[in-house]
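We name chains A, B, ... by the order of the sequence lines, and we start the count at 1 in each one.
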Amino acid sequence: MTTTPSSPREPLSKVYEAPAVEERLYRWWEESGFFRAKVNPDRKPFTIIMPPPNVTGQLHLGHAMTAAIEDALTRYHRMKGFEALWLPGTDHAGIATQMVVERELAKEGSSRHDIGREAFIKRVWEWVGTYGGIIEDQLRRLGASCDWSRKTFTLDEGPSLAVRTTFKRLYDKGLIYRGERITNWCVTCRTALSDLEVDHAEEPGALYKICYAFEDGPLPDGRTGLVVATTRPETLFGDTAVAVHPDDPRYAGLVGKRVLLPVTGRSIPVIADEAVALDFGTGALKITPGHDPNDFETGERHHLPIVNILNPDGTLNEQAGPFAGQERLAARVALVARLEADGLLEGVTEHPHSVGHCQRSGDIVEPIVSAQWFVAVSPLAERALAAVRDGRTRIVPERFEKVYANWMENIRDWCISRQLWWGHRIPVWYCADCDHVTVSIEDPAGCEGCGSAYITQDEDVLDTWFSSGLWPHSTLGWPAQTADLDYFYPSTVMETGYDILFFWVARMILMTTYMIGEVPFQTVYLHGLVRTRDGRKMSKSDPTTAIDPLESIADYGADALRLALILGTGPGQDLRLYPEKLEACRRFANKIWNAGRYILMTIPPGTPITPPQEVRSELAQWLLHGLDQTVRNVQGSLSAYRLSEVIDALRGFFWGEFCDWYLEMDKKPERSPEDNQVLAYAYTTLLKVLHPYVPFVTE
RNA sequence: GGGCGAAUAGCUCAGCGGUUAGAGCGCCUGCUUUACACGCAGGAAGUCACAGGUUCGAAUCCUGUUUCGCCCACCA
């Protein structure tokens, strides 16, 4: 439909050679500035801020699906006369990127602690220099029509300023605080994690019944101690009480007595607490406030001390007596053997239970008490909840609005500090000379309290998702009041996978409704996951089923891949992808190509592509009527975000009616100018409506 | 323990109140028909998971059941 830079005289191949076409076309598009968007009061804006992939990441099918959908929406609106901005960017991906570089260091026999913070961060930047930007070129190969002149990185100056400004304002309002709380700790990554970064899985385990001897000797009835039940025996070194239910007849009169921990012999009290279940285990519950979230709360109710038994690397500390230095899981085994030898192990029963794992390293997460920074999200949640409830932000498919509301209503404070080096460093300074904590957007010269120059910045960085939460406005210049922000914000659609509804979408709504007082986007479109033909999650480690989008582009063409990622799925629905599907889509691209080839060979050059004034042929009338109907259907389906339906309708009409009927009937020796014009008009119209989905082959 | 999704042709999915239930792939039968064999013409193939109910009419709405999958939750 547009004049391509190549010579139209060169013979067209019988088979559509996607790779030969794609690179040339993309370069032309980009160099011509077709994807640039600017503030334009004469047009209505259409904005999509791209979910930023990891800066050093590789394109996977999830990205490809995101790109296919967002590009289709963007190109459609651009064609409809909107000022369409699709703003790309990348994420520093704190924990993920840091771990990759740490693994590299490990290969060299080094570690981040060996080389120090400054050298390590330099090393990560080098890594970003080498691998950053790869994903951008991969998105280009898909045909993504984003405005590269606006690409943003979460660690750029703008977003960094947005991070510090947000931190400062929330802190000043008392909505960011530092506290000693029980949090999730990954001993592999050696950092705290938010609740969302912990994946729970049901696993086989055991319930160990362990006897804690009474301090002042056996009871008159002969009982020598209290038997507690636990799945994590090694945590007993951190116990500071044993709790029983106040109404439990088995333990009547024992509250207030003291028992001795096995091995170390530390004395702890027996307390009464209603939260203890009468029908679980032995009815006596060991209380470990330092290493169990429930026990932490019980401990607060009873003002129990907190004993930490773990070193940051997951080995037991001196609290474990002879077990000090042992890795926690090894210590469990050794301790059980010791308890058995000491005659304190009263039984072991199988007990499958849910175990939390670090999303990144897969290691078992340990609850520990430490000083961390938190966002008090409840006050923000009210606005975020209202935004969706009153329809200022709509979620597609709608059922996720309930999921969203349920999460918001039960939201808990968000741990945002990470003991990592790669990320936005927390803008907080501690003073050596007074207790004042200086929180500042700019690096301060001294303590804001006493003026002392002896201040040190908090060592930690922020959760990656903190900066992601500001993405819709930080990419447009906020906190500066820019024309871009005024014009393009709030964005029209936020399109992403349902798997990051809480991680990202909810956080964006939380942060922006509070900071800006306006929703970040009008519509959230959530796509599903890409799966194998038999419904399994596609993983790179399983090459028999994994499909690499880049290989697919090479083998089938970007258009075919894009079609395959949209066809046969809808919002919130998982998609099964397999080679035959890609083949089928490639055939459609080939069909479009060959229909065009036929028309170019048939009609004289210069045939107008406008609709003919008068259509006499009944066949042509039938075609144009169907065409009109199809275009209408496409627009209807699109406005309801039913992209698969669009392709179905287009393929059905293009192939089944236009090609199989009209083109076949049209083959005749004598052609009228009207015949030619109908052909030219119908084909170019079809190319236009197809273009958002298959940009290369329709160009 | 709560919540959600899926169940329609061999496979992947449309259809979501109205005549004989559709598509793509696969399968079968013909076709080197002057765009395309990544094609064309034709064909076989479905008690729409099950049981009730609402309705003149149900794959489609309601209730329950079963099977798969997912999410959330502090199950010592």
Flag yes if more than 12 heavy atoms outside [X] fall under 6.0 Å of its [atom1] atom; otherwise flag no.
X: A/Glu382; atom1: CD; result: no
X: A/Arg412; atom1: CZ; result: no
X: A/Glu398; atom1: CD; result: no
X: A/Gln635; atom1: CD; result: yes

Considering only the [atom1] atoms, how many Å lie between [N] and [M], rounded to the nearest integer?
N: B/rG69; M: B/rA49; atom1: C1'; result: 15 Å
N: B/rU12; M: B/rA6; atom1: C1'; result: 14 Å
N: B/rC28; M: B/rA35; atom1: P; result: 28 Å
N: B/rC50; M: B/rC56; atom1: C1'; result: 26 Å
N: B/rU47; M: B/rA9; atom1: P; result: 8 Å
N: B/rA45; M: B/rG10; atom1: P; result: 11 Å

Taking only side-chain N and O atoms of A/Lys402, does any of them lie within less than 4.0 angstrom of OP1 or OP2 on B/rC4?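 Result: yes.
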OP1, OP2 of B/rC75 versus side-chain N and O of A/His200: anything below 4.0 Å?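 Answer is no, no contact under 4.0 Å.
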Do the rings of [X] and [Y] sit parallel, tilted or perpendicular, given the 30° and 60° boundaries?
X: A/Trp655; Y: A/Phe588; result: parallel
X: A/Trp622; Y: A/Trp661; result: perpendicular
X: A/Tyr683; Y: A/Phe658; result: parallel

Does RNA chain B take part in any stems of at least 3 consecutive Watson-Crick or G-U pairs (both distances under 3.5 Å), and if so, which ones?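 RNA chain B stems, ordered by first number: B:1-7 with B:66-72, B:10-13 with B:22-25, B:27-31 with B:39-43, B:49-53 with B:61-65.
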Base, sugar-phosphate, or nothing for [X], non-hydrogen atoms under 4.0 angstrom?
X: A/Lys667; result: base
X: A/Ala229; result: base
X: A/Ala243; result: nothing
X: A/Phe502; result: sugar-phosphate
X: A/Glu202; result: base
X: A/Ala277; result: base
X: A/Val276; result: base
X: A/His291; result: nothing
X: A/Leu663; result: base

For A/Leu529, does its backbone N or O pair with a side-chain atom of A/Asp574 as donor and acceptor, under 3.5 Å?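 A pair under 3.5 Å: yes.
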Detail all sub-3.5 Å separations between protein N/O atoms and N/O atoms belonging to nucleotides 38-42 of chain B.
residue	atom	partner	partner atom	Å
B/rC38	O2'	A/Asn590	OD1	3.0
B/rG39	O3'	A/Lys591	NZ	3.0
B/rC40	OP1	A/Lys591	NZ	3.0
B/rC40	OP1	A/Trp655	NE1	2.6
B/rC40	OP1	A/Asp660	OD1	2.9

Would you tabulate the pairs of protein nitrogen or oxygen atoms and nucleotide nitrogen or oxygen atoms of nucleotides 11-16 of chain B closer than 3.5 angstrom?
residue	atom	partner	partner atom	Å
B/rC11	O2'	A/Arg533	NE	3.4
B/rU12	OP1	A/Arg576	NH1	3.3
B/rU12	O4'	A/Tyr578	OH	3.1
B/rU12	O2'	A/Tyr578	OH	3.2
B/rC13	OP1	A/Arg576	NE	3.2
B/rA14	OP1	A/Gln573	OE1	2.6
B/rA14	OP1	A/Gln573	NE2	3.2

What I want to check is whether the side chains of A/Thr235 and A/Lys286 have a donor and an acceptor closer together than 3.5 Å.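 Yes, A/Lys286 and A/Thr235 have a side-chain donor paired with an acceptor closer than 3.5 Å.
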Set out, in order, the CA-CA distance, both residues' side-chain angles and the distance that settles side chain to side chain contact (heavy atoms under 4.5 Å, CB included) for A/Lys581 and A/Arg533, then state yes or no. CA-CA 10 Å; A/Lys581 186 169 183 182; A/Arg533 178 199 253 112; over 6 Å; no
